[in-house]
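It should be emphasised that the depicted structure is a prediction, and the values quoted were computed from it without experimental measurement. Note that these values count all heavy atoms, side chains included, but never hydrogens, waters or copies made by symmetry.
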Amino acid sequence: DHYEAEFRVKTKDGRWQWLLSYGRVTRRDEQGRPLEAMGTHIDIDRIKRAEENLQKSEVRFRTLVENMPLGIMLVDKDGAVDYTNPKFKAIFGYSEERLPTFEAWLDLAYKDSNTRAEAANFLAAPEEKSCMGIVLCAGGESKHVRAHMVELPFERYLLAYEDVTAQMHSEQTLLNREQELREKSQTLEDINTALNVVLNQKSSTQNDLKSTMYINLRDLILPHLDELEAALRTGAQSVCLNTVRAGLKHMAELCRSDLT
C-alpha cells in the first residue's frame, strides 16, 4: 500500500516546482479502491534542476567528444574501458568489443615493451600527462601516436590519441633533405678545393715556363745576335736580323713583366 512519486506542481506565484511524495493508503472501500492516504511531500526542485543540468552537460560533453579530431578513450579506476569515440576507431580500427579493458588495448596496440611500459604508466602514475609511441592498428598498419591523459573526477581517466604519422614522415623527409644538402655542399667544397689546386699548379707551371723562356732569351739568344750581325754580308740580311732581335726583346720583356 506504499507509494512513491515524483511530479511537478504549480506554486502560488506561478512557478513549477518538483516534489517527491512518499505515503501509504490508510483506508479503502469495499471494492479495494483507496479512499484515504497519508504521506509527505519533499521539495526536490534543486535536485531535479541539477539532474537536468547534468544531463545537458553530458550531452554537450558527448557531442564534443564524438566530434573531436582526436581518438578518445574513457577508462575507469579499475581499468575498464567505458567509451571510445568514432575518431578512435577511425585511427586505429579497433571496435569497443575488442577493448574491454585498458590492458587489452595495451596488448593489442603496443608491441614494443618500452613503449608499452610508458603507456601503461599513464594510469599508474597520473602525473605523466603525455607520451609518444608507435601503435599497431587493427589492419596491421603502424602509426606514430602522441597520447595525452586527463584525470577526471570519480577516478576516471580520459586518454586522447593524436595521429602524428604524417608529421613524423614530413620531419624525417626534411631531415633527409638537409642531410642530402650537407653532403652536396661538402662535395662542392671538395671540387672547389681540387680546382683551386689545379689552377694554382697551372699558374705555377706557366710562371716556370715564362721564367725559363726569359732566361734563355736573355742569356742564350740575344747576346749572340751581335755576332751574327757582324757575320752577315748584305743589308737585307741585317734588316731581317734587326726584326728578329726586336721581336725577341719584346717577348723577353713580356715574360719579365709577367714574372714581376
Side-chain angles (χ1 to χ4, degrees), residues 1-109 119-131 138 145 147-162:
D1 289 343
H2 290 79
Y3 67 87
E4 176 182 338
E6 294 180 3
F7 53 89
R8 290 193 309 163
V9 296
K10 193 171 186 179
T11 63
K12 186 177 180 179
D13 59 4
R15 295 182 301 105
W16 287 95
Q17 185 168 335
W18 280 96
L19 295 178
L20 172 61
S21 178
Y22 287 104
R24 66 185 180 86
V25 177
T26 58
R27 189 164 63 92
R28 297 178 181 273
D29 63 14
E30 293 178 355
Q31 285 76 35
R33 291 176 295 188
L35 295 176
E36 185 177 276
M38 294 182 61
T40 60
H41 294 315
I42 301 173
D43 181 1
I44 60 169
D45 196 65
R46 292 179 61 185
I47 296 175
K48 296 297 289 186
R49 303 295 182 194
E51 288 178 354
E52 290 176 359
N53 291 334
L54 180 61
Q55 289 176 355
K56 292 178 181 178
S57 297
E58 288 179 348
V59 171
R60 286 195 297 267
F61 177 77
R62 182 171 289 273
T63 301
L64 174 64
V65 167
E66 289 186 349
N67 291 279
M68 285 187 70
L70 305 175
I72 301 296
M73 174 186 286
L74 292 178
V75 183
D76 68 16
K77 63 182 181 63
D78 297 319
V81 176
D82 289 340
Y83 170 78
T84 57
N85 72 339
K87 187 63 176 181
F88 184 94
K89 186 175 181 180
I91 295 174
F92 303 115
Y94 294 109
S95 62
E96 290 186 352
E97 291 75 17
R98 298 188 65 185
L99 303 174
T101 64
F102 186 65
E103 191 73 17
W105 159 244
L106 296 178
D107 291 339
L108 288 171
N121 199 42
F122 262 6
L123 302 188
E127 64 274 7
E128 298 293 335
K129 299 298 184 183
S130 64
C131 72
V145 171
H148 309 269
M149 191 278 291
V150 177
E151 190 171 4
L152 302 176
F154 310 111
E155 296 183 280
R156 300 179 73 197
Y157 305 94
L158 184 149
L159 293 95
Y161 294 91
E162 179 185 4

What are the two closest non-hydrogen atoms of H2 and R24, and how far apart are they?
NE2-CD, 3.6 Å
Greater than 12 external heavy atoms within 6.0 Å of R28's CZ
yes
Consider side chain to side chain contact (heavy atoms under 4.5 Å, CB included). Of L74, L70, V65, I91, which one does N85 pass it with?
V65
Y83 OH to L99 CG distance, which is reported to the nearest 0.5 Å:
13.5 Å
More than 12 heavy atoms of other groups within 6.0 Å of E30 CD:
no
Working to the nearest 0.5 Å, report the span between CD1 of I44 and CD of E6.
4.0 Å
So, taking the atom named CG in L159 and the one named CE in M73, what distance separates them when rounded to the nearest 0.5 Å?
7.0 Å
Answer yes or no: is there a donor N or O on one side and an acceptor on the other, between the side chain of D78 and the main chain of A80, under 3.5 Å?
no
For the side chain of S21 and the backbone of A5, is there at least one donor-acceptor N/O pair under 3.5 Å apart?
no
How long is the straight-line distance from OH of Y161 back to CH2 of W105, given to the nearest 0.5 Å?
5.5 Å
I would like to know whether F92 and T84 meet side chain to side chain contact (heavy atoms under 4.5 Å, CB included); could you show each step before the answer?
CA-CA 11 Å; F92 303 115; T84 57; over 6 Å; no
For K89, I'd like to know if atom NZ has over 12 heavy atoms of other residues, nucleotides or ligands within 6.0 Å.
no
Tell me the closest heavy-atom pair linking G39 and Y3, and the distance in Å.
CA-OH, 4.3 Å
Evaluate H148 against E162 for side chain to side chain contact (heavy atoms under 4.5 Å, CB included), listing each step before the verdict.
CA-CA 8 Å; H148 309 269; E162 179 185 4; 3.8 Å; yes
Indicate, with yes or no, if the rings of F102 and Y157 have centres closer together than 6.0 Å.
no
Would you check, one step at a time, whether the test side chain to side chain contact (heavy atoms under 4.5 Å, CB included) holds for E96 with V81?
CA-CA 8 Å; E96 290 186 352; V81 176; over 6 Å; no
Could you measure the distance from the CH2 atom of W18 to the CD atom of E52? Nearest 0.5 Å is fine.
7.0 Å
Here the gap from L54 atom CG to R49 atom CZ, rounded to the nearest 0.5 Å, amounts to 15.0 Å
Within the 3.5 Å criterion, strictly below it, is a donor on T101 or E103 matched to an acceptor on the partner's side chain?
no
Of the non-hydrogen atoms in T26 and A37, which two are nearest, and what is the gap between them?
OG1-N, 3.8 Å
Check whether any side-chain heavy atom of F7 sits under 4.5 Å from a side-chain heavy atom of H41, and report yes or no.
yes
What pair of heavy atoms forms the shortest contact from A138 to R98, and how long is it?
CB-NH1, 4.0 Å
